[in-house]
Amino acid sequence: MPIRRLRHRFRVALVALSLLPAAVAAEAGAAPPAPDRQIPLWPGTPPGSEGLDLPQRIVERSSDPALPDRYVDGVARPWLDVYRPARPDGRALLVLPGGGYQRVVLDKEGTALLPAFAGQAGLTLFVLQYRLPGEGHANARDVPLADAQRAMRLVRGQAREWGIDPASVGVMGFSAGGHLAASLATRHHERVYAPVDAADGLDARPAYAVLVYPVIDMGAHAHPGSRQKLLGDEPDADAVRMYSAQNRVDAHTPPVFLLHAQDDDVVPVENSLLFEAALRAAGIEHETHLYAKGGHGFGVRGAHGTLALWPTLAVEWIRAHAPLPAAPGAPDNKPARE
């Protein structure tokens, strides 16, 4: 084949690759996307972590560069990774990845969300790397919740900078991150740390909560690893009751979207069913999606069949529960469909 024709085909291939959507580009071997900014959660040492020498590490578990699967532990100074879409719609989502309260995953329930929730839906994502309760912090059981409350307040405090509506900020949590998101939704008003600046005067209540295969119960249906890391080896009955999120639902809990696979053998589906029953008893608007198959930890890229549609369902539900204020003189501000 002539050299000129080979060069032409090579240029065409490069152009085609540059036009691939983000999810396909990742499969082609692209590195995880870098955040637009990393925001330290606290000015200086976080409350409860004073004097703690905790080396942070990021570990890659995947041998496939096209499917990164990193996690972080040793989180002494938590932070937010901010991902702003090319066409932001004015809504924001605080993302709390899972990891059994032993680690915080970075990709499977973090960067892998970008194509569906940022790229296509236009949500600005704030992914929280929160402190872990088993790493020596004071008031360890409430350290993750302190970080989640602080994160929600920081996002609201910086809403103008990011071009988002502070009233539209919701939370999405996976697995143990789902327990943290449910705790934020039900315990947003509790004081679990001393205020450090003006941001701590802002409301920590999320506008809505999306809970994906969440840890909820600390009793009979608990995920043993999450319970042990959060509550210790032999928690008393009061601790089990207080940290079982279904027992904390009240009239101030925001609307909730629940998603679980019935064959989940890590976090039993009863966790979502218990939370749904509590929401129903309290009269809280909610929507529950149960799937026969899916297991645990499918995130976005591990979801197949009808389960793969869950991001679309979640986005439409978010849009319905976080309506944006109409622009002056405009009849409405519904986002343009793709």
Side-chain angles (χ1 to χ4, degrees), residues 21-22 33 35-37 39 80-96 110-111 113-128 148-174 177-178 181-182 184-186 188-189 198-199 201-212 251-259 279 283-289 300 309-338:
D36 292 277
R37 189 186 305 174
I39 302 175
L80 286 163
D81 284 332
V82 186
Y83 298 94
R84 194 163 193 265
R87 294 192 295 168
D89 80 342
R91 297 177 178 87
L93 189 59
L94 173 63
V95 178
L96 307 178
T111 60
L113 304 176
L114 296 180
F117 288 92
Q120 296 174 24
L123 301 177
T124 301
L125 302 189
F126 295 81
V127 183
L128 176 62
Q149 288 184 355
R150 172 72 178 178
M152 180 61 68
R153 290 168 173 144
L154 279 186
V155 172
R156 288 210 164 106
Q158 298 181 14
R160 181 182 296 274
E161 176 183 353
W162 294 104
I164 58 177
D165 174 16
S168 81
V169 186
V171 66
M172 174 185 284
F174 298 81
L184 180 63
T186 57
H188 50 84
H189 59 287
L202 299 175
D203 191 359
R205 180 183 182 271
Y208 55 86
V210 177
L211 308 181
V212 185
H252 302 289
T253 301
V256 178
F257 179 100
L258 283 160
L259 179 78
L279 294 168
I284 302 301
E285 185 175 349
H286 62 283
E287 185 167 309
T288 304
H289 295 266
V300 172
L309 299 175
W310 83 260
T312 300
L313 296 173
V315 165
E316 291 303 318
W317 184 88
I318 288 169
R319 287 173 172 165
H321 290 82
L324 298 172
D332 61 49
N333 68 339
K334 294 180 181 179
R337 301 301 186 196
E338 296 291 340

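Numbering of residues begins at 1 and proceeds along the displayed sequence. Just so we're clear, the structure is a prediction, and the values are computed from it rather than from any experiment.
Judged purely by atom type and a 3.5 angstrom limit, Arg156 uses its side chain to pair as donor or acceptor with the backbone of Pro166. Counting only distance, with no hydrogens or angles, the side chain of Arg84 and the backbone of Asp36 share no donor-acceptor pair below 3.5 Å.
Of the charged side-chain nitrogens involved, at least one lies within less than 4.0 Å of a carboxylate oxygen, so that Arg91 and Asp89 count as a salt-bridged pair.
Checked against ring-ring contact (aromatic ring centres under 6.0 Å, His included), His188 has no partners two or more places apart in sequence or in another chain.
In this structure, CG on Leu313 lies 7.5 Å from CD on Glu287, to the nearest 0.5 angstrom. The distance from the CD atom of Glu316 to the NE2 atom of His321 is 12.0 Å, given to the nearest 0.5 Å. Between Gln158 atom CD and Thr124 atom OG1 the span is 12.5 Å, to the nearest 0.5 Å. Here the straight-line distance linking atom CG of Leu258 with atom OG1 of Thr288 works out to 4.5 Å at 0.5 Å rounding.
Each of Leu184, Leu202, Leu128 was evaluated against Met152; a single residue qualifies, Leu184, per the side-chain contact (heavy atoms from CB on, under 4.5 Å) test. Checking each of Leu125, Leu93, Leu123 against Leu113 for a side-chain contact (heavy atoms from CB on, under 4.5 Å) leaves exactly one that passes, namely Leu125.
Ring geometry for Phe117 against Trp310 counts as tilted: the plane angle lies between 30° and 60°, on a 0 to 90° scale.
Taking every heavy atom of both residues into account, Thr186 and Ala182 meet most closely at OG1-O, 2.8 Å. Looking at every heavy atom in both residues, Ile284 comes nearest to Pro254 through CG2-O, 3.3 Å. Minimum interatomic distance between Ser168 and Leu324 (heavy atoms only, all atoms of both residues): CB-CD2, 4.1 Å. Heavy-atom minimum distance, Leu94 versus Ala148: CD2-O, 4.0 Å. The two atoms that bring Gly178 and Leu211 nearest to each other are O-CD2, 3.8 Å, heavy atoms only. Scanning all heavy atoms of the two residues, the minimum distance from Arg205 to His252 falls at NE-O, 2.8 Å.
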Would you please test Arg37 and Trp162 for side chain to side chain contact (heavy atoms under 4.5 Å, CB included) and show each step?
CA-CA 11 Å; Arg37 189 186 305 174; Trp162 294 104; 3.8 Å; yes

Kindly indicate, with the supporting measurements, whether the criterion side chain to side chain contact (heavy atoms under 4.5 Å, CB included) is fulfilled by Met172 and Phe257.
CA-CA 9 Å; Met172 174 185 284; Phe257 179 100; over 6 Å; no

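The shortest distance between side-chain heavy atoms of Trp317 and Pro255 falls below 4.5 Å. Using a 4.5 Å heavy-atom cutoff, the side chains of Ile164 and Phe126 are in contact.
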